[in-house]
Amino acid sequence: MDLYRPIFHFMPENNWMNDPNGPIFYKGEYHLFYQYNPNGFEWGTIHWGHAKSKDLVHWEHLPIALYPSNELGEDHCFSGCAVVNDEGVPTLFYTSIGSGDRHQTVGAEQWMATSSDDMITWDKHTGNPVVSLQHHGEMDIREWRDPFVWKEGEQWLMVVGGAHNNKGCALIYGSTDLTEWKFLNKLMEAKVESEEIWECPNLFKLGDKHVLIYSPSDVVKYYTGTLNSDYTFTPEYHGTIDHSGWEGFYAPNSIEDGQGRRIMWGWMTENARGDFEVGEGWAGVQSLPRILSLQENGRLKIEAAPELQMLRENHEQMDNLQLDGDQVTIASKGRALEIIAEFELLDPSASFGIKVLQSERGEEETVVVFEPSAQRFTVDRSKASLSSLTHRTELSGQMDIKQGETVKVHLFLDHSLIEVFANDEECISTRVYPTLEDSIGISLFANDGSVKLKSMDVWQLKSIW
Ligand code: DQQ
């Protein structure tokens with residue numbers, strides 16, 4: 001039994017994977033590309049892996065899409081996006097990286113590739129780079145990468161992440177034909193000094209607002225606001241996409257699918273392994289697809305794609321249970337589970353939640369805990385693994401829960417990962433490596449006050465392979 005390899009999350013058969021790249025809905029199928037090292041299970045020699053899915057759940061591996069063109073000074077094909085051009089030709093944009101004056105800090109270039117066989121093989125454009133650092137004139141842009149392209153009206157737009165004067169930023173470019181690009185403006189820059197770099201920006205329209213997602217080498221954030229006619233961005237709301245950052249969710253990428261839904265995947269990093277040796281030559285998992293929508297207050301609603309329900313089996317249901325300073329173990333067990341629970345806060349001093357991956361004797365457990373008095377929501381990994389080589393810190397987000405309010409917890413567990421959605425707004429997705437075979441238990445708890453479990457559903461989830 002492999003205690004750690006996920007069974008219903010997308011990953012390549014072996015070797016290293018990081019960021020999701022170029023998700024696109026094409027001819028009725030979802031395609032997902034990803035940063036891939038076919039030569040090992042550590043980051044290096046970055047290619048673009050490729051897979052497709054008819055249902056957003058089951059995936060078919062396809063041949064590698066992009067290889068570094070060493071003969072052109074390219075060592076890595078960094079992150080990027082996919083679009084279908086005005087003539088119907090699938091087109092990739094990505095960051096080409098080499099060494100020396102092509103180094104990622106000072107010499108990145110934005111390249112394009114097209115496919116004439118329904119995205120199986122790709123030809124790099126002979127006029128590459130399509131955008132270069134010279135486009136910025138005197139502006140000294142560093143760490144320039146991760147193009148994201150979309151069409152708005154008659155114009156193609158591209159945002160790219162980078163750093164300007166040691167501040168993370170997103171830069172925006174325009175084109176009418178995808179090959180000739182004009183630098184339009186610095187869209188936005190970091191408002192805090194700690195964000196020295198912005199990677200993998202995504203900018204898209206949702207309702208009557210624009211949403212800007214960026215990865216500042218830390219917890220992934222978003223702004224909702226207005227894209228102005230001078231191509232600057234006026235932020236109105238600042239939120240967190242997922243509170244884990246390098247501990248489990250980074251560099252997300254998104255598409256609009258055939259139903260007009262905005263779907264996002266993120267890289268569930270393997271950093272939390274630390275020096276703990278796991279698995280047979282694999283590293284990196286993609287998160288479940290998440291549907292983003294905009295609420296009236298400017299906050300994103302973040303939900304797991306409903307298609308995932310097709311994986312459910314062996315259902316257990318319970319309701320109306322008062323928890324009062326106790327721990328209740330439930331019958332379902334496992335390492336590949338979905339749980340939906342609704343709690344009503346009866347007493348504001350109570351802290352409550354769910355323990356998963358709990359061993360019979362409780363030496364190992366991963367705890368999802370809500371502390372209304374501290375306005376906190378946490379995944380506590382302090383006992384997640386007996387291995388002191390793994391990362392076992394707590395990951396927390398802010399969450400205001402008042403007496404009488406209901407908290408909905410939607411949780412997915414897949415061997416070495418946990419994704420938690422709280423009230424479809426706050427997410428914590430991280431990696432855990434419980435060592436004991438019997439770390440499969442689930443229990444509910446409430447401390448320092450009472451909580452009512454209004455309902456709870458647990459399903460075992462099937463493998464997607
Ligand atoms: N990963 C890619 C970069 C991107 C970073 C390199 C984010 O393009 O900025 O593998 O994880």
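In what follows, residues are counted from 1 in the order of the sequence shown. We count ligands from 1, going down the list as the structure has it; atoms in each ligand are counted the same way. When reading the values below, keep in mind they use all heavy atoms of this one structure, side chains included, and skip hydrogens, waters and symmetry mates.
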Residue pairs involving residues 191-202 (criterion salt bridge (Lys or Arg N to Asp or Glu O under 4.0 Å); sequence neighbours excluded): R145-E199
Salt bridge (Lys or Arg N to Asp or Glu O under 4.0 Å): pairs with one or both residues in residues 216-227, sequence neighbours excluded: none
Under 3.5 Å side-chain donor-acceptor pair for Q134 and S132: yes
Test item: side-chain donor near acceptor, T234 and N228, under 3.5 Å: yes
Within 6.0 angstrom of F41 CZ, more than 12 heavy atoms from elsewhere: no
Residues which pass ring-ring contact (aromatic ring centres under 6.0 Å, His included) with H31, listed by chain and number, not counting sequence neighbours: H50
Close residues, ligand 1: non-hydrogen atom nearer than 4.0 Å: N18, D19, Q35, W43, F78, S79, R145, D146, E199, Y250, A251, W267
